[in-house]
Amino acid sequence: MPIDVDEVQRRKAIAEATLAVAARDGARAVTIRAVAKELGGSTAMVTNYVPTRMALITNAVRAAEARWRADLDAHLGDLTGADRLRATVEWHLTTDPEDLLLRTLWVEMLSTAYADPAGVDRHEPRESRSEFFEASLAAGVPDAALAADVLSLLTRGYYVSTIEEPDHWTAERASRVARAIVDALISE
């Protein structure tokens, strides 16, 4: 008789185990075998839900995206106009230890884009760009589409920069850059 398993919960457990392996041993150590060991089960326990190493990483990143959305909504609260735009950009330019870990996994995921374009998560960047566009419109930015593109490039570049130079890209430095760019876009 088959065991009844909640797929959503299993994928969540796999995502958490993936993050645990990456946090302890580094992004390169994330393998199906390592995640199965972390879960205390067989590789089949993992591959029934995520069949490849990149699927493991993508699953972990997507699980984090749901938390990020909730965190962003809470951070923005009732802010409107230019304040909402500034807060949106500043939120994207924050870093906590889990963010750094997820960014290393994100870079791993992106490293396969040429060989496996379907393995790259394109939903989150589009959603972020849409948030920037809506916030730019509400702030009265003259060219909201251009602002969304600039802010998308800024935040994506920031993600890589925090991996390359984590000591340089402090929260204060990132916040200063965010304010300067948003102010320039608003006064365009």
Would Arg86 and Asp183 count as a side-chain contact (heavy atoms from CB on, under 4.5 Å) here? Give the steps. CA-CA 8 Å; Arg86 281 186 194 91; Asp183 290 347; 2.7 Å; yes

> Under the side-chain contact (heavy atoms from CB on, under 4.5 Å) criterion, do Leu105 and Leu19 qualify, and how do the steps go?
Replying inline: CA-CA 9 Å; Leu105 292 174; Leu19 291 176; 3.7 Å; yes

task = Under the side-chain contact (heavy atoms from CB on, under 4.5 Å) rule, what do Trp106 and Asp99 come out as? Steps first, then yes or no, please.
result = CA-CA 10 Å; Trp106 177 68; Asp99 290 337; over 6 Å; no

*side-chain contact (heavy atoms from CB on, under 4.5 Å) between Arg103 and Tyr158, intermediate numbers included*: CA-CA 10 Å; Arg103 288 175 192 153; Tyr158 172 75; 3.9 Å; yes

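Side-chain contact check for Thr112 versus Ile57: every heavy-atom pair is 4.5 Å or farther apart. The shortest distance between side-chain heavy atoms of Leu154 and Leu93 falls below 4.5 Å.
Rounding to the nearest 0.5 Å gives a distance of 7.5 Å between OG1 of Thr88 and NE2 of His75. Distance check: Trp169 CH2 to Ile163 CD1 gives 14.0 Å after rounding to the nearest 0.5 Å. One distance of note links CG of Asp167 with CD of Glu165; it measures 9.0 Å at 0.5 Å rounding. Rounded to the nearest 0.5 angstrom, Leu137 CG and Phe132 CZ are separated by 14.0 Å.
Residues Pro125 and Arg156 approach most closely at CB-NH2, 2.9 Å, considering heavy atoms. Across every non-hydrogen atom of Leu102 and Ala60, the tightest pair is CD2-O, 4.0 Å. Considering every non-hydrogen atom in both Leu85 and Ala139, the closest pair reads CD2-CB, 4.0 Å. For Ala29 against Val21, the heavy-atom pair with the smallest separation is O-CG1, 3.6 Å. Arg53 and Arg28 make their closest contact through NH2-CA, 3.5 Å (heavy atoms, listed as atom of the first residue, atom of the second, distance).
Side chains of Glu124 and Ser128: a donor on one and an acceptor on the other come within 3.5 Å. A donor-acceptor contact closer than 3.5 angstrom links the side chains of Arg179 and Ser175.
With respect to the salt-bridge test (charged N to carboxylate O, under 4.0 angstrom), the residues Glu134 and Arg84 do not qualify.
When the shell of 6.0 Å around CZ of Arg67 is examined, it contains more than 12 heavy atoms from other residues, nucleotides or ligands.
Looking at Gln9, Arg11, Arg10 one by one, the single match for side-chain hydrogen bond (donor to acceptor under 3.5 Å, both in side chains) with Glu7 turns out to be Arg11. A side chain to side chain contact (heavy atoms under 4.5 Å, CB included) with Val50 is found for one member of Thr47, Val46, Asn48 and no other, namely Val46.
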Please output the side-chain donor-acceptor pairs of residues 31-38 that fall under 3.5 Å, not counting sequence neighbours, one pair per line with the distance.
| from | atom 1 | to | atom 2 | distance (Å) |
| --- | --- | --- | --- | --- |
| Thr31 | OG1 | Ala34 | N | 2.9 |
| Glu38 | OE1 | Arg24 | NH1 | 2.9 |
| Glu38 | OE1 | Arg24 | NH2 | 3.0 |

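A donor-acceptor pair under 3.5 Å is formed between the side chain of Ser111 and the backbone N or O of Glu108.
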